2 protein chains.
Amino acid sequence: MTTPTSIPGLARTPEPPYYAVIFTSQRSTADAAGYAAMAERMATLAAQQPGYLGAESARDAHGLGITVSYWRSEADIAAWKAQAEHLEAQRLGHERWYAGFELRVARVERAYSMPARQLVDR
Amino acid sequence: MTTPTSIPGLARTPEPPYYAVIFTSQRSTADAAGYAAMAERMATLAAQQPGYLGAESARDAHGLGITVSYWRSEADIAAWKAQAEHLEAQRLGHERWYAGFELRVARVERAYSMPARQLVDR
(Lines give C-alpha, C1' and ligand atoms only; values in the text may rest on other atoms or scores of the structure.)
Protein backbone atom coordinates (compact mmCIF):
# COMPACT_ATOMS: atom_id res chain seq x y z
CA MET A 1 0.00 0.00 0.00
CA THR A 2 1.15 3.48 -0.84
CA THR A 3 -0.43 6.85 -0.32
CA PRO A 4 -0.54 9.44 -3.09
CA THR A 5 2.33 11.89 -3.04
CA SER A 6 1.21 15.47 -2.62
CA ILE A 7 2.17 17.99 -5.30
CA PRO A 8 3.58 21.16 -3.74
CA GLY A 9 1.83 23.68 -6.02
CA LEU A 10 -1.68 22.26 -5.61
CA ALA A 11 -3.87 23.49 -2.75
CA ARG A 12 -5.44 20.74 -0.65
CA THR A 13 -8.82 22.31 -0.14
CA PRO A 14 -11.76 20.83 1.80
CA GLU A 15 -15.00 19.61 0.25
CA PRO A 16 -16.97 22.40 -1.49
CA PRO A 17 -18.62 24.77 -1.07
CA TYR A 18 -15.93 27.38 -0.42
CA TYR A 19 -14.80 30.54 -2.22
CA ALA A 20 -12.07 31.33 -4.74
CA VAL A 21 -10.46 34.64 -5.63
CA ILE A 22 -9.13 34.35 -9.17
CA PHE A 23 -6.56 37.08 -9.79
CA THR A 24 -5.14 37.20 -13.33
CA SER A 25 -2.51 39.85 -13.91
CA GLN A 26 -0.04 41.13 -16.42
CA ARG A 27 3.11 42.38 -14.74
CA SER A 28 4.60 45.66 -15.87
CA THR A 29 8.34 45.59 -16.44
CA ALA A 30 8.92 47.76 -13.35
CA ASP A 31 10.57 46.85 -10.07
CA ALA A 32 11.02 43.08 -10.25
CA ALA A 33 12.79 42.86 -6.88
CA GLY A 34 10.21 44.96 -5.04
CA TYR A 35 7.40 42.96 -6.56
CA ALA A 36 8.94 39.58 -5.68
CA ALA A 37 9.48 40.61 -2.06
CA MET A 38 5.92 41.88 -1.72
CA ALA A 39 4.43 38.80 -3.41
CA GLU A 40 6.24 36.58 -0.93
CA ARG A 41 5.14 38.74 2.01
CA MET A 42 1.50 38.71 0.85
CA ALA A 43 1.52 34.91 0.43
CA THR A 44 2.78 34.53 3.99
CA LEU A 45 0.32 37.07 5.37
CA ALA A 46 -2.69 35.62 3.50
CA ALA A 47 -1.94 32.19 4.95
CA GLN A 48 -2.30 33.68 8.45
CA GLN A 49 -5.76 35.16 7.83
CA PRO A 50 -8.93 33.59 9.24
CA GLY A 51 -10.67 31.39 6.69
CA TYR A 52 -7.66 30.92 4.40
CA LEU A 53 -7.80 27.47 2.78
CA GLY A 54 -4.85 27.58 0.38
CA ALA A 55 -3.58 29.17 -2.83
CA GLU A 56 -2.16 28.25 -6.22
CA SER A 57 -0.04 30.54 -8.36
CA ALA A 58 1.74 30.45 -11.71
CA ARG A 59 3.36 33.19 -13.79
CA ASP A 60 4.74 32.55 -17.25
CA ALA A 61 7.83 33.92 -18.98
CA HIS A 62 5.79 36.78 -20.50
CA GLY A 63 4.71 38.08 -17.11
CA LEU A 64 1.14 36.79 -17.27
CA GLY A 65 0.18 35.27 -13.94
CA ILE A 66 -2.79 33.63 -12.27
CA THR A 67 -3.13 33.37 -8.51
CA VAL A 68 -6.15 31.61 -7.07
CA SER A 69 -6.65 31.83 -3.31
CA TYR A 70 -9.30 29.79 -1.52
CA TRP A 71 -11.41 30.97 1.42
CA ARG A 72 -14.06 29.65 3.74
CA SER A 73 -16.46 32.57 3.19
CA GLU A 74 -16.98 35.89 1.45
CA ALA A 75 -16.57 37.63 4.82
CA ASP A 76 -13.06 36.16 5.09
CA ILE A 77 -12.26 37.51 1.62
CA ALA A 78 -13.56 40.96 2.56
CA ALA A 79 -11.43 40.97 5.72
CA TRP A 80 -8.30 40.03 3.77
CA LYS A 81 -9.02 42.71 1.17
CA ALA A 82 -9.18 45.32 3.96
CA GLN A 83 -6.04 44.14 5.81
CA ALA A 84 -3.70 47.12 6.27
CA GLU A 85 -0.49 45.76 4.72
CA HIS A 86 -2.52 44.20 1.93
CA LEU A 87 -4.14 47.57 1.17
CA GLU A 88 -0.68 49.06 0.71
CA ALA A 89 0.29 46.18 -1.58
CA GLN A 90 -2.87 46.75 -3.62
CA ARG A 91 -2.02 50.44 -3.96
CA LEU A 92 1.49 49.66 -5.21
CA GLY A 93 0.10 47.01 -7.54
CA HIS A 94 -2.17 49.55 -9.21
CA GLU A 95 0.50 52.19 -9.33
CA ARG A 96 3.58 50.25 -10.27
CA TRP A 97 3.53 46.49 -10.68
CA TYR A 98 0.62 45.63 -12.96
CA ALA A 99 -0.10 46.62 -16.54
CA GLY A 100 -3.59 45.23 -15.99
CA PHE A 101 -5.55 42.64 -14.06
CA GLU A 102 -8.90 40.93 -13.66
CA LEU A 103 -10.12 39.83 -10.25
CA ARG A 104 -13.07 37.49 -9.87
CA VAL A 105 -14.73 36.14 -6.73
CA ALA A 106 -16.39 32.77 -7.23
CA ARG A 107 -18.13 30.11 -5.19
CA VAL A 108 -16.57 26.68 -5.73
CA GLU A 109 -19.35 24.16 -6.14
CA ARG A 110 -17.54 20.95 -7.12
CA ALA A 111 -13.98 19.74 -7.31
CA TYR A 112 -12.01 16.68 -8.21
CA SER A 113 -8.39 15.80 -8.40
CA MET A 114 -6.02 13.38 -9.95
CA PRO A 115 -3.79 11.81 -7.32
CA ALA A 116 -0.10 12.27 -7.77
CA ARG A 117 1.76 9.46 -9.47
CA GLN A 118 3.10 6.74 -7.25
CA LEU A 119 6.77 7.37 -6.72
CA VAL A 120 7.53 4.00 -5.15
CA ASP A 121 7.54 0.57 -6.73
CA ARG A 122 4.64 -1.76 -6.16
CA MET B 1 -9.69 60.77 -25.25
CA THR B 2 -8.18 57.36 -25.20
CA THR B 3 -9.61 53.91 -24.64
CA PRO B 4 -7.93 51.35 -22.42
CA THR B 5 -5.62 49.00 -24.25
CA SER B 6 -6.64 45.39 -23.92
CA ILE B 7 -4.15 42.92 -22.45
CA PRO B 8 -3.92 39.76 -24.57
CA GLY B 9 -3.83 37.23 -21.73
CA LEU B 10 -6.87 38.57 -19.84
CA ALA B 11 -10.33 37.25 -20.74
CA ARG B 12 -12.92 39.95 -21.37
CA THR B 13 -15.85 38.28 -19.68
CA PRO B 14 -19.40 39.68 -19.36
CA GLU B 15 -20.99 40.84 -16.12
CA PRO B 16 -21.37 38.02 -13.56
CA PRO B 17 -22.89 35.59 -12.89
CA TYR B 18 -21.13 33.06 -15.08
CA TYR B 19 -19.03 29.95 -14.41
CA ALA B 20 -15.32 29.24 -14.14
CA VAL B 21 -13.43 25.96 -14.47
CA ILE B 22 -10.19 26.32 -12.52
CA PHE B 23 -7.73 23.66 -13.67
CA THR B 24 -4.42 23.60 -11.77
CA SER B 25 -1.94 21.02 -12.97
CA GLN B 26 1.60 19.83 -12.56
CA ARG B 27 3.05 18.62 -15.85
CA SER B 28 4.98 15.40 -15.92
CA THR B 29 8.26 15.58 -17.81
CA ALA B 30 6.85 13.38 -20.58
CA ASP B 31 6.08 14.29 -24.18
CA ALA B 32 6.45 18.08 -24.29
CA ALA B 33 5.73 18.31 -28.02
CA GLY B 34 2.63 16.13 -27.87
CA TYR B 35 1.31 18.08 -24.91
CA ALA B 36 1.90 21.47 -26.53
CA ALA B 37 0.10 20.43 -29.72
CA MET B 38 -2.87 19.07 -27.78
CA ALA B 39 -3.06 22.13 -25.51
CA GLU B 40 -3.25 24.37 -28.55
CA ARG B 41 -5.89 22.17 -30.20
CA MET B 42 -8.00 22.12 -27.02
CA ALA B 43 -7.82 25.93 -26.68
CA THR B 44 -9.07 26.30 -30.25
CA LEU B 45 -11.79 23.71 -29.81
CA ALA B 46 -13.01 25.10 -26.46
CA ALA B 47 -13.41 28.53 -28.04
CA GLN B 48 -15.83 27.01 -30.56
CA GLN B 49 -18.12 25.45 -27.94
CA PRO B 50 -21.51 26.94 -27.06
CA GLY B 51 -21.33 29.12 -23.96
CA TYR B 52 -17.57 29.67 -24.02
CA LEU B 53 -16.74 33.13 -22.65
CA GLY B 54 -12.94 33.11 -22.62
CA ALA B 55 -9.92 31.59 -20.91
CA GLU B 56 -6.72 32.56 -19.13
CA SER B 57 -3.67 30.34 -18.78
CA ALA B 58 -0.19 30.51 -17.27
CA ARG B 59 2.43 27.82 -16.68
CA ASP B 60 5.63 28.51 -14.81
CA ALA B 61 9.17 27.24 -15.39
CA HIS B 62 8.59 24.35 -12.95
CA GLY B 63 5.66 22.99 -14.94
CA LEU B 64 2.94 24.20 -12.57
CA GLY B 65 0.08 25.66 -14.59
CA ILE B 66 -3.32 27.21 -14.03
CA THR B 67 -5.93 27.44 -16.77
CA VAL B 68 -9.24 29.10 -16.01
CA SER B 69 -11.96 28.86 -18.64
CA TYR B 70 -15.20 30.82 -18.37
CA TRP B 71 -18.64 29.57 -19.37
CA ARG B 72 -22.21 30.80 -19.52
CA SER B 73 -23.67 27.84 -17.63
CA GLU B 74 -22.92 24.51 -15.96
CA ALA B 75 -24.65 22.75 -18.86
CA ASP B 76 -22.11 24.30 -21.25
CA ILE B 77 -19.28 23.00 -19.04
CA ALA B 78 -20.81 19.51 -19.01
CA ALA B 79 -21.11 19.52 -22.81
CA TRP B 80 -17.48 20.56 -23.21
CA LYS B 81 -16.35 17.89 -20.75
CA ALA B 82 -18.15 15.26 -22.86
CA GLN B 83 -16.87 16.49 -26.25
CA ALA B 84 -15.26 13.56 -28.09
CA GLU B 85 -11.82 15.00 -28.87
CA HIS B 86 -11.69 16.52 -25.41
CA LEU B 87 -12.40 13.13 -23.83
CA GLU B 88 -9.39 11.72 -25.64
CA ALA B 89 -7.26 14.66 -24.42
CA GLN B 90 -8.44 14.03 -20.85
CA ARG B 91 -7.49 10.37 -21.15
CA LEU B 92 -3.99 11.24 -22.35
CA GLY B 93 -3.69 13.87 -19.63
CA HIS B 94 -4.37 11.30 -16.94
CA GLU B 95 -2.13 8.73 -18.54
CA ARG B 96 0.82 10.75 -19.70
CA TRP B 97 0.93 14.51 -19.31
CA TYR B 98 0.08 15.32 -15.71
CA ALA B 99 1.75 14.34 -12.47
CA GLY B 100 -1.36 15.63 -10.71
CA PHE B 101 -4.16 18.16 -11.00
CA GLU B 102 -7.06 19.79 -9.20
CA LEU B 103 -10.17 20.83 -11.11
CA ARG B 104 -12.77 23.08 -9.56
CA VAL B 105 -16.04 24.38 -10.96
CA ALA B 106 -17.12 27.71 -9.51
CA ARG B 107 -19.81 30.31 -9.99
CA VAL B 108 -18.33 33.78 -10.52
CA GLU B 109 -20.32 36.25 -8.46
CA ARG B 110 -18.36 39.50 -8.77
CA ALA B 111 -15.50 40.80 -10.85
CA TYR B 112 -13.47 43.90 -11.33
CA SER B 113 -10.54 44.89 -13.45
CA MET B 114 -7.77 47.38 -13.67
CA PRO B 115 -7.74 48.97 -17.11
CA ALA B 116 -4.55 48.63 -19.04
CA ARG B 117 -2.14 51.53 -18.84
CA GLN B 118 -2.58 54.26 -21.40
CA LEU B 119 -0.03 53.75 -24.10
CA VAL B 120 -0.55 57.11 -25.77
CA ASP B 121 0.35 60.56 -24.50
CA ARG B 122 -2.35 62.78 -23.09
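This one's a predicted model, so the numbers in the text were calculated from it and none came from an experiment. Side chains included, hydrogens not; waters and symmetry mates left out as well; all remaining heavy atoms used. Just so we're on the same page: letters track the sequence lines, and every chain starts at 1.
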Using non-hydrogen atoms and a 4.5 Å limit, figure out which bit of Arg59(A) sits close to chain B: side chain, backbone, both or neither.
-> backbone

Just checking, Arg104(A) and Tyr112(B): is the charged tip under 6.0 Å from the six-membered ring centre and within 45° of the axis?
-> no

Is there any residue in residues 14-26 of chain B with a non-hydrogen atom under 4.5 Å from a non-hydrogen atom of chain A, and which ones are they?
-> Tyr18(B), Tyr19(B), Ala20(B), Ile22(B), Thr24(B), Ser25(B), Gln26(B)

Those residues of residues 32-42 of chain B that come under 4.5 Å of chain A on a heavy-atom basis, listed by number, are none

Joint cluster assignment, [X] & [Y], ILVMFWY side-chain distance < 4.5 Å:
| X | Y | value |
| --- | --- | --- |
| Leu92(B) | Leu103(B) | yes |
| Met114(B) | Trp97(A) | yes |
| Tyr70(A) | Tyr52(A) | no |

Test item: Glu102(A) and Glu56(B) side chains (from C-beta on) under 4.5 Å apart, heavy atoms = yes

Does a side-chain heavy-atom distance below 4.5 Å link Ile66(B) with Val68(A)?
-> yes

Engaged part of Thr13(B) at the chain A interface, taking heavy atoms whose separation is under 4.5 Å = both

Which portion of Arg110(B) sits near chain A, non-hydrogen atoms under 4.5 angstrom = both

May I ask you to name which of Val105(B), Leu64(B), Leu10(B), Asp60(B) has the most heavy-atom pairs under 4.5 Å with chain A?
-> Val105(B)

Looking at His62(B), Glu74(B), Glu109(B), which makes the most heavy-atom pairs under 4.5 Å with chain A?
-> Glu109(B)

Heavy-atom pair with the smallest gap, counting every atom of Ile7(A) and Ala99(B) | CD1-O, 3.8 Å

Choice from Gly65(A), Ser57(A), Pro8(A) maximising heavy atom contacts with chain B below 4.5 Å | Ser57(A)

